[in-house]
Amino acid sequence: MKLPLAQSLLSILDQLAGSHHSELADYERAVIWELRLPRTILAVFVGMLLAQCGAVMQGLFRNPLADPGVIGVSSGAAVGAVLAIYFFPTSMTWWAVPVSAFCGGFTCSLFIYRLAQSSHGTSVLVLLLAGIAISAMAFSIIGLISYLSDDSRLRDLTLWQLGSLAGADATRVWMAAVAAAGLLWRFQVRAAALNALLLGEAEARHLGIDVERLKHELIILVALGVGLAVACAGIISFVGLVVPHFVRTLNGPDHRSLLPLSALLGGVLLLVADVIARLALQPAELPVGMLTALLGAPFFIVLLLQIKGRV
Amino acid sequence: MVLTIENLSIVHGSSFGLGVDDWGASQGQLHALLGRNGAGKSTLLKCIAGELTYRGSICLHDLDLSRWDSTVRARHLAVLPQASQLNFSFSAAEVVALGATPLAMGWRDVQAEVRRVMSLAQCEHLRDAAYPGLSGGEKQRVHFARCLLQLSQADKPPLLLLDEPTSAQDLGQQHSLLQQVRRLAEEEGYSVVAVLHDLNQALRYAHRATLLDAGKVVREDTPQLLLTPERVQVFWGYPAERVVNQRGEAVLV
């Protein structure tokens, strides 16, 4: 459905101010309030979550290729989400899916971190292989659950799996908003410490940082952010990779500015991607996760080639 | 004493790692740790830096290292690593500024201090260079500057640990760095403990030298008294000769 931008904005203004400037019909207003606006806002917050978490994860792993999607954290969160959709009644999924996605993402983050850690940072090879293994395992579990599901559950699962922002509603918007703002604040508090961590764990400790506590806090927060993003919008990969990389190229790797700028750009990027996904193949709709993967994967390969000598 | 070590021991698995009964470093002096590879020099340094778990006590200004508040300790104890892995393209000045992590300092003050310590460490010209592109020696000097910034707000004489600080430097840089370190010790009261491989550097710049072998302290003395040709023969297996150069300094050849 086409709604003129000016009229849409007027309609939002009407709703907020109680005025009557907009000439839209009631059903058109409903489309704006029930579908378009929540979707737009959700896209921004999910983009913020993914880009921030990507940037923090790259700092934590001391490796610019660590994207929650690529290394399997998102897959872990997806398994959590799918298990919740399968085991909980539909009335409880609004909280069960995010909580379970967080648990899945957290378990994977911890596992990958332990696996890939060495005194020289983390090995790209181990990270990527761990990502492949975890994703393969995750998809087989998701497949198994789909196979076991009855018709109505299967419908829920398929809808969610498409990785789209179309399911936006007030609950998801609020959850994503609170998480994005909370993470923005907490990451900013830890940004200087994260900078020091880039020097290496021993060096960060010499600079007076409680490294273990910092790592644990960041892993939990990243799992929270990724888990929520996955619960709200399915797996959307490469936003967490492309955005921080772009900001680093323009503005340097200092986390104090990298994190807020990544959040900002991540929000904008996912919003634009979602608009393209919605309009490109009208009347059909591309899942936005598919679009970001389509654009992000070649970028990732270029990045990999650039650092090939150092892997 | 700035640093006092008592009954320090480390056991690596089943093998004996390090055993130091009584050792210390005093204010205003450069202490060289000497010995062949595997003698325990770096292990001792890592213990003091808090990177290894050990039995015994290591005190900084008479307070056990584990009982210092980590931020306050960082203002009094800095470690210059041999090499540092940093995959992100910070500029050299930004790496130096990381030394301000434990300090309470505004952005402007940090910038001024960065300029000062970079000129002390003779790497001012690298300010805007990307760190990953620097040579090993340049990186070492950038980290040296970072350590100087880290210790700039110490209210008691600070302790600086150097792990082979000259390993990646060319000849001129090696001497200018050690001169700088000696000046910090003599003029600003730093206590410095440095692992050195070049015995002539120890002879020339260190106030005190400690010879380690098989994880034990063999002897602690002035480098001139410690580094006799006989000891060099016994502990390094090299038939050295000691000559006096035109400046009147003892040199091992």
Side-chain angles (χ1 to χ4, degrees), chain A residues 55-66 117-124 127 189-214 244-259 303 306-311, chain B residues 42 45-46 48-52 65-66 68-105 107 110 128 130-133 139 142-143 146-147 149-151 153-154 158-161 163:
Chain A
V56 167
M57 194 155 249
Q58 285 140 28
L60 192 63
F61 281 88
R62 275 172 280 149
N63 193 321
L65 285 179
Q117 196 181 20
S118 73
S119 54
H120 303 297
T122 52
S123 146
V124 179
L127 274 184
V189 172
R190 296 305 233 158
L194 199 52
N195 280 341
L197 189 64
L198 293 184
L199 289 173
E201 290 192 17
E203 282 78 4
R205 224 169 272 129
H206 298 152
L207 286 166
I209 287 160
D210 186 342
V211 173
E212 292 307 310
R213 217 176 118 189
L214 176 71
H245 183 80
F246 190 66
V247 176
R248 268 190 216 103
T249 311
L250 288 182
N251 190 58
D254 187 337
H255 284 95
R256 285 169 299 182
S257 51
L258 172 69
L259 293 171
L303 212 58
Q306 273 178 4
I307 67 157
K308 195 169 130 195
R310 289 184 274 139
V311 172
Chain B
S42 287
L45 206 72
K46 284 200 174 104
I48 306 169
E51 288 172 39
L52 297 174
L65 273 176
S66 60
W68 281 73
D69 171 81
S70 61
T71 312
V72 182
R73 187 179 61 210
R75 288 181 201 163
H76 292 85
L77 170 61
V79 186
L80 179 69
Q82 255 190 68
S84 178
Q85 293 278 327
L86 183 61
N87 298 327
F88 295 86
S89 57
F90 279 106
S91 70
E94 284 174 320
V95 174
V96 174
L98 288 176
T101 308
L103 310 179
M105 236 186 201
W107 187 83
V110 171
D128 299 317
Y131 176 87
K139 285 180 182 171
V142 167
H143 284 293
R146 174 173 67 80
C147 290
L149 176 57
Q150 186 185 339
L151 297 177
Q153 282 188 344
L159 174 65
L160 178 60
L161 305 178
D163 195 359

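Numbered from 1 within each chain, the chains take letters A, B, ... in sequence-line order.
Contacts of Arg75(B) with chain A are absent, with no heavy-atom separation under 4.5 Å from either backbone or side chain. With a 4.5 angstrom heavy-atom cutoff, Val95(B) touches chain A only via side-chain atoms. Leu98(B) touches chain A through backbone and side chain together, each having a heavy atom under 4.5 Å away. Both the backbone and the side chain of Ala49(B) come within less than 4.5 Å of a heavy atom of chain A.
Across Asp254(A), Leu199(A), Asp210(A), the residue that shares the most heavy-atom pairs under 4.5 angstrom with chain B is Leu199(A). Highest contact tally toward chain B, considering only Ala202(A), Gly208(A), Gly252(A), is held by Gly208(A) [criterion: heavy-atom pairs under 4.5 Å]. The residue among Asn195(A), Ile209(A), Thr249(A) with the most heavy atom pairs within less than 4.5 Å of chain B is Asn195(A).
For the pair Glu51(B) (side chain) and Glu203(A) (backbone), a donor-acceptor distance under 3.5 Å is absent.
Considering CZ of Phe88(B) and CD of Gln58(A), their distance stands at 6.5 Å, rounded to 0.5 Å. Interatomic distance, Cys147(B) SG to His206(A) NE2, rounded to the nearest 0.5 Å: 9.5 Å.
The two atoms that bring Pro102(B) and Leu207(A) nearest to each other are CB-O, 3.6 Å, heavy atoms only.
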